[in-house]
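Here is how names work: the chains are called A, B, and so on, in the same order as the sequence lines, proteins then strands, and each is numbered from 1. None of these values were measured; they are calculated from a predicted model.
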Protein chains: 2
Amino acid sequence: MAKYDNLREQILDQARHLLVEKGYINVTMRKVAHLVGCTPTSIYLYFENKDALIHSLIEEGMDILHQKIKECLAAESDSAAQFKRMCHSFLEFGFTNPEYYVVMFQLPTDEMVPYPAEKYRRARSNLQQFADVLHQARGEKQPTIDPLVDATMVWSLLHGATSLYLAQRIDARIPKELFLTRTVDYAASMLNPIHQSS
Amino acid sequence: MAKYDNLREQILDQARHLLVEKGYINVTMRKVAHLVGCTPTSIYLYFENKDALIHSLIEEGMDILHQKIKECLAAESDSAAQFKRMCHSFLEFGFTNPEYYVVMFQLPTDEMVPYPAEKYRRARSNLQQFADVLHQARGEKQPTIDPLVDATMVWSLLHGATSLYLAQRIDARIPKELFLTRTVDYAASMLNPIHQSS
DNA sequence: ACCGTAAACTTAACACTGTAAACTAAAACC
DNA sequence: GGTTTTAGTTTACAGTGTTAAGTTTACGGT
């Protein structure tokens with residue numbers, strides 16, 4: 001019956017290939033179809049629309065990132081070290097998978113239907129991981145400081161750093177490695193909750 | 001001779017109107033032209049292409065932001081207070097001018113020709129303002145810590161916070177005001193350069 | 001006053017994009 | 001073997017940025 005051997009998987013493969021090698025703008029229905037060897041409309045047999053196709057790739061990326069974050073917990077026993085490693089891993093993921101990062105975190109809301117709330121689970125789970133480790137590293141002192149807020153601050157920092165780096169908006173005088181370690185250090189300052197309010 | 005009264009300005013006006021009211025995706029050559037009452041191709045008489053038109057709006061936005069940052073210096077005498085106010089102003093600019101912010105800082109590099117290096121002046125100048133105030137607030141102690149790097153860290157935080165907020169990716173349990181003041185506080189922690197390296 | 005030229009603007013067209021509807025071929029079922 | 005369902009294609013539409021050619025209008029010179 002089937003003219004193709006698992007067409008859905010082939011579409012996903014070529015879409016991923018196109019994303020990683022040529023960037024998001026080159027992920028078009030026609031280009032994906034051409035690489036697969038089918039017609040553009042055939043994609044609609046397996047994906048409701050382009051957004052659904054991209055969302056599948058987003059989920060893949062979320063899985064990869066989630067895996068990398070989880071590995072940080074196993075690699076260290078000290079929770080402060082775990083936290084730093086997690087920050088480093090997040091940055092490294094963005095730096096080495098720029099196109100994945102773009103679709104996962106930088107796609108304009110207007111340009112695409114928002115990533116369905118239900119599927120934010122992995123993203124939220126990552127944030128919760130940061131919050132948990134942060135909470136643990138500080139040893140339950142000062143329970144008034146909500147770790148979720150601090151984790152959100154850290155996420156903001158990491159996301160901003162990655163975005164600016166990928167957009168090549170970091171001053172050329174700052175070497176990549178310095179930028180990376182400094183960002184981790186700044187994030188790690190959240191481990192010592194000595195804040196003065198404004 | 002002229003069929004229109006300062007067509008270039010009218011184009012810019014309607015493009016700005018469309019951007020602010022309807023968002024970046026709705027800034028199309030045909031929609032701008034329709035609002036102006038001219039043909040789409042007439043725009044090309046005054047702007048090389050769509051990018052050039054958008055860049056004009058970007059420059060406008062940069063000017064507005066630059067102005068707001070400058071006002072912070074006048075509003076306070078203490079340089080630490082100036083710094084905090086600058087951070088707050090940056091966030092507020094993004095929060096209240098989401099569409100300007102999008103074209104200024106979030107347009108995918110691939111989707112648009114990179115913002116010409118020469119025109120980064122205002123953006124760089126903003127970064128330098130942050131670096132200068134940071135340097136001054138710390139009173140020249142520890143000259144080894146390059147304020148440019150720290151200013152870049154702060155910029156990363158502010159940009160990340162704004163981006164996540166505008167994309168509505170901040171946990172609903174965190175009120176906007178708390179998020180705002182916490183971000184400013186975190187940025188302000190750069191004023192006390194007590195960093196432990198990793 | 002008239003002609004030629006240059007400036008301002010429009011018309012028509014091209015190569016793309018995502019997507020819906022209609023059509024076709026092949027397999028599955030009874 | 002005939003009918004229905006599945007898998008896939010063909011065609012078409014409305015939208016995008018942009019280019020090239022055509023048109024109208026105003027200006028300058030003799």
Check: residues 36-48 of chain A side-chain donor-acceptor pairs under 3.5 Å, at least two apart:
{"unit_1": "A:Thr39", "atom_1": "OG1", "unit_2": "A:Ser42", "atom_2": "OG", "d": "2.9"}

Atom pairs and distances, side-chain donor-acceptor, residues 154-161 of chain A, under 3.5 Å, sequence neighbours left out:
{"unit_1": "A:Ser156", "atom_1": "OG", "unit_2": "A:Thr152", "atom_2": "O", "d": "2.9"}
{"unit_1": "A:His159", "atom_1": "ND1", "unit_2": "A:Tyr101", "atom_2": "OH", "d": "2.6"}

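When the P atom of D:dT16 is taken as reference, atom NE2 of B:His34 falls 12 Å away, rounded to whole Å. Atom-to-atom, CZ of A:Phe47 to C1' of C:dA20 comes out at 19 Å; the value is rounded to the nearest Å. Atom-to-atom, CG of B:Leu45 to P of C:dA6 comes out at 17 Å; the value is rounded to the nearest Å. Between A:Leu7 atom CG and C:dA26 atom P the separation is 17 Å, expressed in whole Å. We find that CD of B:Glu48 is positioned 16 Å from P of D:dG17, with the value rounded to whole Å.
Contact check, A:Tyr4 against D:dT6: no side-chain N or O comes under 4.0 Å of OP1 or OP2. Using a 4.0 Å cut-off, no side-chain N or O of A:Lys3 falls inside it from OP1 or OP2 of C:dA27.
In this structure, B:Asp150 pairs ionically with B:Arg138, as a charged nitrogen and a carboxylate oxygen lie closer than 4.0 Å.
Not counting sequence neighbours, the partners of A:Asp171 by the side-chain contact (heavy atoms from CB on, under 4.5 Å) test are A:Arg173, A:Ile174, B:Arg124, B:Leu148. In this view, B:Asn97 satisfies the side-chain hydrogen bond (donor to acceptor under 3.5 Å, both in side chains) rule with no residue, not counting sequence neighbours. With sequence neighbours excluded, the residues forming a side-chain hydrogen bond (donor to acceptor under 3.5 Å, both in side chains) with B:Ser163 are B:Gln106, listed by chain and number. Remark: B:Phe95 engages B:Tyr165 in a ring pair (Phe, Tyr, Trp, His ring centres under 6.0 Å) (not counting sequence neighbours). Listed by chain and number, the residues in a side-chain hydrogen bond (donor to acceptor under 3.5 Å, both in side chains) with A:Asn26 are A:Lys31 (sequence neighbours excluded). In this view, A:Asp13 and A:Glu9, A:Arg16 satisfy the side-chain contact (heavy atoms from CB on, under 4.5 Å) rule, not counting sequence neighbours.
One side chain, B:Asp132 or B:Gln128, offers a donor N or O that lies under 3.5 Å from an acceptor on the other.
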Between the protein and nucleotides 15-18 of chain C, which nitrogen or oxygen pairs come in under 3.5 angstrom?
{"unit_1": "C:dT17", "atom_1": "OP1", "unit_2": "A:Thr28", "atom_2": "OG1", "d": "3.3"}
{"unit_1": "C:dG18", "atom_1": "OP1", "unit_2": "A:Met29", "atom_2": "N", "d": "3.3"}
{"unit_1": "C:dG18", "atom_1": "OP1", "unit_2": "A:Lys50", "atom_2": "NZ", "d": "3.1"}
{"unit_1": "C:dG18", "atom_1": "OP2", "unit_2": "A:Met29", "atom_2": "N", "d": "3.1"}
{"unit_1": "C:dG18", "atom_1": "N7", "unit_2": "A:Arg30", "atom_2": "NH1", "d": "2.7"}
{"unit_1": "C:dG18", "atom_1": "O6", "unit_2": "A:Arg30", "atom_2": "NH2", "d": "2.9"}

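Counting any heavy atom pair closer than 4.0 Å across all strands shown, A:Tyr46 reaches sugar-phosphate atoms only and no base atom.
Interface residues of residues 36-43 of chain B facing DNA chain D, ordered by number: B:Thr41; criterion, heavy-atom separation under 4.0 Å. For the contact set between residues 9-16 of chain A and DNA chain C, defined by any heavy atom under 4.0 Å, there are no members.
Counting only residues at least two apart or on different chains, the side chain to side chain donor-acceptor pair (under 3.5 Å) pairs with a member in residues 67-82 of chain B are B:Glu76-B:Arg85.
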